[in-house]
Amino acid sequence: MAKYHLNVAHLYGDLLNTYGDVGNLLVLEYYAKQMDTDLQTEVISLDQPFDKDHFDLTFFGGGQDFEQKIVSKDIQDKKEALTDYIEDNGPLLAICGGYQLLGQYYVGADGEKIPGIGAMSHYTETQDDNRFIGDITIQNEDTGETYHGFENHNGMTFLGKDERPLGKVLKGKGNNGSDASEGVIYKNVFGSYFHGPILTRNGELAKRLLLLALHRKYPDVDFSQQEALVIEPTF
């Protein structure tokens, strides 16, 4: 039996699963087992509350505009709880649409301005007849780690002054194609446009999320053994 247990919230996992991002949860489970940790995942969907005190780790994936518009209305009811969770350093991984909806707003491909929950300061505009599609490589300036992935998005996201990018673009377009930023880091939130899913090729990021959750839930435990886990390259 695992020594440690983490409760994971999968926000709108029944709706926002277009790009296979749910695979991130499988990767987290894989590395969690190596850290002597059990994950219990619960989908939080429409008309269901988000309990900020129950969950130790949260995943928010992406989808197409149709599903995101539905989610954008429902998530306003979860705004206060999610914002409190984020401000209390709750670990969260947000991909594409989930990343956009944590911010101020995003503009859909049809030009409609869709409100986010404003928990973070970034915002997302749209492009006319263009998408950023292809392989992408970034370097995380906190750790020096290089992350590899695939991007496919119409949105152009611009970070706020209190946010920093997940990485500097070495190859690809990233958040907006102009400032060499990709994704976002704010407190213990990590957002990205990487599909595929991101954690399959970037296990160090999965390890980082799990360690943040473990240290937050078990502040008096020595996790040096988990921190020493070697992540083999998968690219």
* Structure fact -> Residue set satisfying salt bridge (charged side-chain N to carboxylate O under 4.0 Å, His left out) with Lys78, at least two apart, ordered chain then number -> Asp74
Going by atom type alone, with no hydrogens or angles, which donor-acceptor pairs under 3.5 Å involve a side-chain atom of residues 126-136 and a protein atom two or more places apart or on another chain?
residue: Thr126; atom: OG1; partner: Asn154; partner atom: OD1; Å: 2.4
residue: Gln127; atom: OE1; partner: Asn130; partner atom: ND2; Å: 2.6
residue: Gln127; atom: NE2; partner: Asn154; partner atom: O; Å: 3.0
residue: Arg131; atom: NE; partner: Asn152; partner atom: OD1; Å: 2.9
residue: Arg131; atom: NH2; partner: Asn152; partner atom: O; Å: 3.3
residue: Arg131; atom: NH2; partner: Asn152; partner atom: OD1; Å: 3.1

* Asked: Does Lys113 count as lying over the ring of Tyr105, i.e. NZ or CZ under 6.0 Å from the six-ring centre, within 45 degrees of the axis?
  -> yes
* Quick one: does Asn140's side chain have a donor or acceptor within less than 3.5 Å of a partner on Leu166's backbone? -> yes
* When you measure from the side chain of Glu151 to the backbone N and O of Lys173, does any donor-acceptor pair fall under 3.5 Å? -> yes
* Show the numbers, then the answer: is there a side chain to side chain contact (heavy atoms under 4.5 Å, CB included) between Leu28 and Leu57? => CA-CA 10 Å; Leu28 287 170; Leu57 182 59; 4.0 Å; yes
* Backbone N or O of Asp53 within a donor-acceptor pair of the Asp51 side chain at under 3.5 Å? -> yes
* Look up atom OH in Tyr31 and atom CG in Leu205, then write down how far apart they are to the nearest 0.5 Å. => 10.5 Å
* Given the rule in the salt bridge (Lys or Arg N to Asp or Glu O under 4.0 Å) test, do Glu112 and Lys69 qualify, once you have shown the distances and angles that lead to the verdict? -> CA-CA 10 Å; Glu112 182 179 358; Lys69 287 179 183 179; 3.1 Å; yes
* **Short side-chain to backbone donor-acceptor contact, Asp21 and Pro197, under 3.5 Å** => no
* Where the side chain of Lys79 meets the backbone of Ala119, is there a donor-acceptor pair that is under 3.5 Å apart? -> no
* Test salt bridge (charged side-chain N to carboxylate O under 4.0 Å, His left out) applied to Arg201 - qualifying residues, sequence neighbours left out -> none
* **Between Gln226 and His215, a side-chain donor and acceptor under 3.5 Å** => no
* To do: State which residues pass ring-ring contact (aromatic ring centres under 6.0 Å, His included) with Phe150; sequence neighbours excluded, sorted by chain then number.
  => none
* Structure fact -> Scanning both residues in full, the closest heavy-atom pair of Leu15 with Val71 reads CD1-CG2, 4.0 Å
* Asked: Closest approach of Ala94 and Gly98, non-hydrogen atoms and distance?
  -> CB-C, 3.8 Å
* To do: Would you name the heavy atoms of Ser72 and Pro115 that are closest together and state the gap between them?
  => CB-O, 3.8 Å
* To do: Applying side chain to side chain contact (heavy atoms under 4.5 Å, CB included), run through Asn7 and Glu42 and close with a yes or a no.
  => CA-CA 8 Å; Asn7 292 315; Glu42 180 179 348; over 6 Å; no
* Asked: Within the side chain of Asn202, is there an N or O that forms a donor-acceptor pair under 3.5 Å with the backbone of His148?
  -> yes
* To do: Examine Leu25 and Tyr85 and state if one hydrophobic cluster contains both, with Ile, Leu, Val, Met, Phe, Trp and Tyr joined whenever side-chain heavy atoms are less than 4.5 Å apart.
  => no
* To do: First locate atom CG of Leu199, then atom OH of Tyr147, and finally report the distance between them rounded to the nearest 0.5 Å.
  => 9.5 Å
* Assess the side chains of Tyr12 and Gln48: does a donor N or O sit below 3.5 Å from an acceptor N or O? => no
* Under a 4.5 Å side-chain heavy-atom rule over Ile, Leu, Val, Met, Phe, Trp and Tyr, are Tyr30 and Leu212 clustered together? -> yes
* If you group Ile, Leu, Val, Met, Phe, Trp and Tyr by side-chain heavy-atom gaps below 4.5 Å, do Val43 and Phe59 land in one group? -> no
* Asked: Any side-chain heavy-atom pair from Ser121 and Lys161 closer than 4.5 angstrom?
  -> no
* Structure fact -> Interatomic distance, CD@Gln68 vs CD1@Ile114, rounded to 0.5 Å, equals 9.0 Å
* Asked: Looking at side-chain heavy atoms only, is the closest gap between Tyr123 and Val107 below 4.5 Å?
  -> no
* To do: Flag yes if more than 12 heavy atoms outside Lys168 fall under 6.0 Å of its NZ atom; otherwise flag no.
  => no
* Asked: Have Tyr193 and Thr157 got a donor and an acceptor in their side chains that come within less than 3.5 Å?
  -> yes
* Establish, yes or no, whether a centroid distance under 6.0 Å links the rings of Tyr4 and Tyr218. => yes
* Structure fact -> The salt bridge (charged side-chain N to carboxylate O under 4.0 Å, His left out) partners of Asp84 (sequence neighbours excluded) come to none
* Asked: Rounded to the nearest 0.5 Å, how far apart are CD of Glu232 and CD of Glu204?
  -> 10.0 Å
* Asked: Got a sec, which hydrophobics cluster with Leu26, joining ILVMFWY side chains under 4.5 Å apart, including via others?
  -> none
* Test Ile44 against Phe55 for side chain to side chain contact (heavy atoms under 4.5 Å, CB included), laying out the working first. => CA-CA 11 Å; Ile44 304 298; Phe55 294 108; 3.8 Å; yes
* Structure fact -> Result for side-chain contact (heavy atoms from CB on, under 4.5 Å) between Ser192 and one of Leu93, Val184, Ile198, Ile138 points to Ile198
* Under 4.5 Å between side-chain heavy atoms, hopping through other hydrophobics if needed: is there a path connecting Leu210 to Leu92? -> no
* Asked: Counting N and O atoms only, with roles assigned by atom type, does the side chain of Glu163 sit under 3.5 Å from a partner on the main chain of His122, one being a donor and the other an acceptor?
  -> yes
* Under the criterion side chain to side chain donor-acceptor pair (under 3.5 Å), which of Asp88, Asn89, Asn188 is the partner of Arg216? -> Asp88
* **Backbone N/O of Gly174 and side chain of His153: donor-acceptor pair under 3.5 Å** => yes
* Does Ile231 offer a backbone N or O that forms a donor-acceptor pair with the side chain of Lys207 under 3.5 Å? -> no
* Structure fact -> Between the CD1 atom in Ile86 and the CD1 atom in Ile117, the distance rounded to the nearest 0.5 Å is 5.5 Å
* Are Ile95 and Tyr99 in one and the same hydrophobic cluster, where Ile, Leu, Val, Met, Phe, Trp and Tyr link if side-chain heavy atoms are under 4.5 Å apart? -> no
* To do: Would you confirm whether Gln76, through its side chain, and Gly116, through its main-chain N or O, come within 3.5 Å as a donor-acceptor pair?
  => yes
* Asked: In Å, rounded to the nearest 0.5 Å, how long is the span from OG of Ser181 to CZ of Arg164?
  -> 13.0 Å
* Structure fact -> For Ala2 and Asp36 the tightest heavy-atom approach is CA-OD1, 3.4 Å
* At their closest point, which heavy atom of Glu29 faces which heavy atom of Thr41, and how far apart are they? -> OE2-OG1, 4.2 Å
* Should Ile75 and Leu82 be marked as a side chain to side chain contact (heavy atoms under 4.5 Å, CB included) after you check the CA-CA gap, both sets of side-chain angles, and the distance that decides it? -> CA-CA 9 Å; Ile75 200 173; Leu82 279 168; 3.9 Å; yes
